[in-house]
2 protein chains.
Amino acid sequence: MSTHAIHSDALAQKLADSGLRNTPQREVVYDALLTKRNHPTADEVFARVKTQLPGISLATVYNCLETLVQCNLVRAVNFERAPTRYCPNLHPHAHFHDETTGTTHDIELPENLLAKIKAILPPGYNANAIEITFRGKMPDSR
Amino acid sequence: MSTHAIHSDALAQKLADSGLRNTPQREVVYDALLTKRNHPTADEVFARVKTQLPGISLATVYNCLETLVQCNLVRAVNFERAPTRYCPNLHPHAHFHDETTGTTHDIELPENLLAKIKAILPPGYNANAIEITFRGKMPDSR
DNA sequence: GACGAAATTGGAATAATTCTAAAGAAGGCT
DNA sequence: AGCCTTCTTTAGAATTATTCCAATTTCGTC
């Protein structure tokens, strides 16, 4: 069984839950994110999936990514007006943006800290998403 | 002494610290942010300052806002590819983006919590900026 | 196998921001 | 005061990520 096929079941399931169809395009896009988890942009995903599905269009890549975000299989990560990046890590986590290399890295976010952060909201404020982003330098960015 | 003048001293000081000049354009842009602190976009700032300096250009508004950000007088706030908003609140704080109205609100961020958040970074990671953004619904957004 | 809905496609359109080159102000120096 | 250099502003063009559009294509269902 290929890596591709391993994930396609979970994908098909989530899509079905949302009343959406599974398609080759959605599979290769999702697979591209899972295979190399370095927060690619839509353009980068496009480049990757073209090798597997040469006829795919950039518009479709955008559509598929949006669909995956809607299904909660992928998170869209925005950083200071740079192109949106996509992240298949569903655990609660923050992002660290390395100024030197421009790369983005996941930072584990303990549940109890997440709770503490949510607790700073005044009563009545109801957050259904939190985004925490660091900018700075990493040990090995020379 | 006008509100305008009250702030222009601090502005002139910070600009001088960075080797930059004070100009009428920079003053009215900064004043526009201080007078109505509702996280305006560059376009909104442009609309405000035109009443005081009719000949000002949008490019200049962008330039001035960028200058104020460089001087650490203003923070640029980005939320999911929406136009950048500008915030003259220099205290450490998070942002809450109300899904219903599209408005952005400052949320006080206690120093010790900020320290705890920074502490999740692995050794060697050096953050010089943190951005924390909530998305959700506020009590009074009907 | 035909029908209707959903998905994909290429290209045009959008919109925030940045770039560019020229004109305008401002401070320093003699 | 006058000149020189540097910084700033300006208008408009350019850029670029993303979305929109209308026309196929695909797919599940009857």
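Heavy atoms only: backbone and side chains are in, while hydrogens, waters and symmetry mates are out. A note on names: the letters A, B, ... follow the listed sequences, proteins ahead of strands, and every chain is numbered from 1.
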Side-chain polar contacts of residues 118-133 of chain A - donor-acceptor pairs under 3.5 angstrom, sequence neighbours left out - could you list them?
none

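Going from atom CG of A/Leu73 over to atom SG of A/Cys87 covers 12.0 Å, rounded to the nearest 0.5 Å.
When each of B/Leu20 and A/Ala82 is assigned the nucleotide of DNA chain D bearing its nearest heavy atom, the one mapping closer to the 5' terminus is B/Leu20. Comparing B/Gln25 and B/Arg81 against DNA chain D, the residue whose closest nucleotide sits nearer the 5' end is B/Gln25.
Contact footprint of chain A on DNA chain C: nucleotides with an atom under 4.0 Å from a non-hydrogen protein atom, first to last in 5' to 3' order, C/dA5 to C/dT17.
Looking at residues 53-72 of chain A, you'll see A/Gly55, A/Ile56, A/Ser57, A/Ala59, A/Thr60, A/Asn63 sit with a heavy atom under 4.0 Å from some atom of DNA chain C.
D/dT18 atom C1' lies 14 Å from atom CD of B/Glu80, rounded to whole Å. Note: CZ (A/Arg26) to P (D/dC27) measures 12 Å, nearest angstrom.
OP1 or OP2 of D/dT26 has not a single side-chain nitrogen or oxygen of A/Thr23 nearer than 4.0 Å.
Counting heavy atoms of neighbouring residues, nucleotides and ligands inside a 6.0 Å radius, atom CD of A/Glu80 exceeds 12 of them. Within a 6.0 Å sphere centred on CD of B/Glu108, heavy atoms belonging to other residues, nucleotides or ligands number 12 at most.
Counting any heavy atom pair closer than 4.0 Å across all strands shown, B/Thr41 reaches no nucleic acid atom.
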